[in-house]
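Quick caveat: nothing in here was measured; it's all calculated off a predicted structure. The figures that follow rest on heavy atoms only: side chains count, while hydrogens, waters and symmetry mates do not. Counting convention: from 1, in listed order, for ligands and their atoms alike.
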Amino acid sequence: LVLVGGGHAHVAVLKSFGMKPMTGVRITLISDRPVTPYSGMLPGLIAGHYPPAAAHIELRPLCHFAQARFFRSTLTGLDLEQRLARCDNRPPVSFDLVSIDTGSTPATAGVPGADQHALAIKPVHRFMERWEQITEAAADRREGPLRIVVVGGGAGGVELILSVRQRLVHKEPGPVPRHPRTPDVEFHLISDAPVLLPTHNRRVQAIFTRIFRERAIHAHLGQRAVTVEADAVHCDSGRSVPYDALIWVTTAAAPPWIAESGLATDAAGFLLVNDCLRSCSHPFVLAAGDVAAVRNHPRPKSGVFAVRQGPPLALNLRRLLGGREPRPFTPQRQALSLISTGDQRAVASRGPLALEGAWLWRVKDWIDRRWMRQYRELPEMHPSGFFAQANSLASTHAP
Ligand SMILES: Cc1cc2nc3c(=O)[nH]c(=O)nc-3n(C[C@H](O)[C@H](O)[C@H](O)COP(=O)(O)OP(=O)(O)OC[C@H]3O[C@@H](n4cnc5c(N)ncnc54)[C@H](O)[C@@H]3O)c2cc1C
């Protein structure tokens with residue numbers, strides 16, 4: 001069993017195989033990074049409410065717990081004939097069954113200059129490196145305001161700009177008094193939608209419109225970014241928004257290797273899977289999280305859905321490895337979103353529901369920390385589990 005990417009669903013798979021090892025199965029995780037960020041804590045990390053270690057899961061200890069091999073490498077493609085996972089820095093890894101949970105990156109294709117000049121929120125480690133430079137530039141700024149522009153008006157973009165503002169304007173973490181104007185940093189958000197958070201209800205949209213007004217964040221709505229130059233974003237209406245730092249948080253894009261490998265994809269190029277999270281074209285390939293598109297149950301690209309797919313993915317991998325049929329899984333239709341506002345407050349959104357308050361941030365913080373604890377505080381390994389795996393390693397043909 002080869003797992004590619006240490007995303008939200010695969011950490012659950014690793015934990016499951018650690019808790020209940022399967023004889024005769026060799027597990028390998030291929031991940032480009034030894035740590036994986038937890039999406040729920042990303043805004044709090046950027047705002048300065050959490051240190052980096054609190055918002056990341058260490059994959060090596062988790063692999064050790066699951067008695068899985070860890071290969072630090074980037075998957076570049078799958079050879080579906082030979083059943084090989086091609087990697088950037090090592091020989092291909094052979095598999096009987098492969099599962100993909102590599103996430104997505106914001107779509108910059110089709111916007112000339114965006115790749116070159118904009119800082120994408122993903123991969124998160126690259127964003128965080130550059131983010132440190134932006135915070136230093138803000139501190140050293142002597143002439144005129146520092147202009148931060150975020151492209152993308154969904155939950156990710158809105159949470160991001162509020163977190164960025166929190167960190168740059170209010171250096172101390174925690175709740176802060178709101179100022180109508182911020183003297184040394186200017187904030188702009190560009191979205192092609194006519195409203196903020198277009199997939200949420202009107203009351204949630206109104207709350208964020210009010211928060212943007214209170215914090216002097218300029219929202220350029222109904223404006224599609226069409227080209228990016230070194231110092232300005234140009235929109236289809238002819239409006240240009242100058243920037244010093246440009247952050248890209250638009251809808252998710254799929255990596256090109258999926259289609260190049262010959263796997264079935266949806267119209268946007270994501271790996272098309274059935275209700276059992278199995279590829280619609282290659283049954284020995286499974287996928288979950290942002291990288292997957294469930295044919296019968298399309299859902300937004302969100303960490304919540306990736307997390308929910310973890311247990312059914314683990315179950316179906318076990319069933320397939322044991323020679324049994326996998327079980328179909330129906331994801332919930334709606335998820336409760338707790339959207340943070342940067343200042344240790346949050347807004348709850350589900351269907352027509354909209355609630356706002358500091359207590360919602362405390363609920364979100366509690367949920368997020370509890371989720372993280374599952375992957376940090378690993379139980380002692382059971383000796384029978386260890387021996388089961390040791391036997392399996394001896395009997396498995398190594399690639
Ligand atoms: C600012 C922001 C805030 C967000 N806040 C929330 C939120 O509050 N709640 C929520 O539900 N969602 C949120 N999201 C969305 C959420 O981040 C994603 O939906 C979620 O991370 C998807 O999880 P995943 O398991 O598919 O992949 P990821 O969490 O992205 O994990 C993929 C893993 O695979 C690794 N990887 C990637 N490519 C390769 C490769 N080729 N080879 C090997 N390894 C690879 C990566 O390093 C990473 O460890 C937010 C997004 C943004 C941008």
(message) Can a side-chain donor-acceptor contact be found between His188 and Arg147 if the only test is distance below 3.5 angstrom?
(response)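 Side chains of Arg147 and His188: no pair found under 3.5 Å.
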(request) Answer yes if the ring centres of His218 and Phe187 are under 6.0 angstrom apart, and no otherwise. (result)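 That pair fails the under 6.0 Å test.
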(request) Please identify each residue that fulfils side-chain contact (heavy atoms from CB on, under 4.5 Å) with Ala268, with sequence neighbours left out. (result) Asp266, Phe270
(message) Taking side-chain contact (heavy atoms from CB on, under 4.5 Å) as the definition, give me every residue that meets it alongside His125, ordered by chain and number, with sequence neighbours left out.
(response)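 Once residues adjacent in sequence are excluded, the partners of His125 under the side-chain contact (heavy atoms from CB on, under 4.5 Å) criterion are Arg33, Pro123, Glu129.
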(request) With sequence neighbours excluded, tell me which residues meet side-chain hydrogen bond (donor to acceptor under 3.5 Å, both in side chains) with Ser191. (result)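 Testing Ser191 for side-chain hydrogen bond (donor to acceptor under 3.5 Å, both in side chains), a comparison that skips the adjacent residues, returns none.
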(request) Validate the cation-pi geometry between Arg318 and Phe17: distance from NZ or CZ to the six-membered ring centre under 6.0 Å, angle to the ring axis within 45°. (result)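 Yes, a cation-pi geometry holds between Arg318 and Phe17.
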(message) Distance under 4.0 Å, heavy atoms only, partner ligand 1: which residues pass?
(response)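 Gly5, Gly6, Gly7, His8, Ile30, Ser31, Asp32, Arg33, Thr36, Ser39, Gly40, Ser73, Thr74, Leu75, Asp101, Thr102, Gly103, Ile121, Lys122, Gly156, Glu159, Val249, Gly289, Asp290, Lys301, Ser302, Gly303, Val304, Ala306, Lys364.
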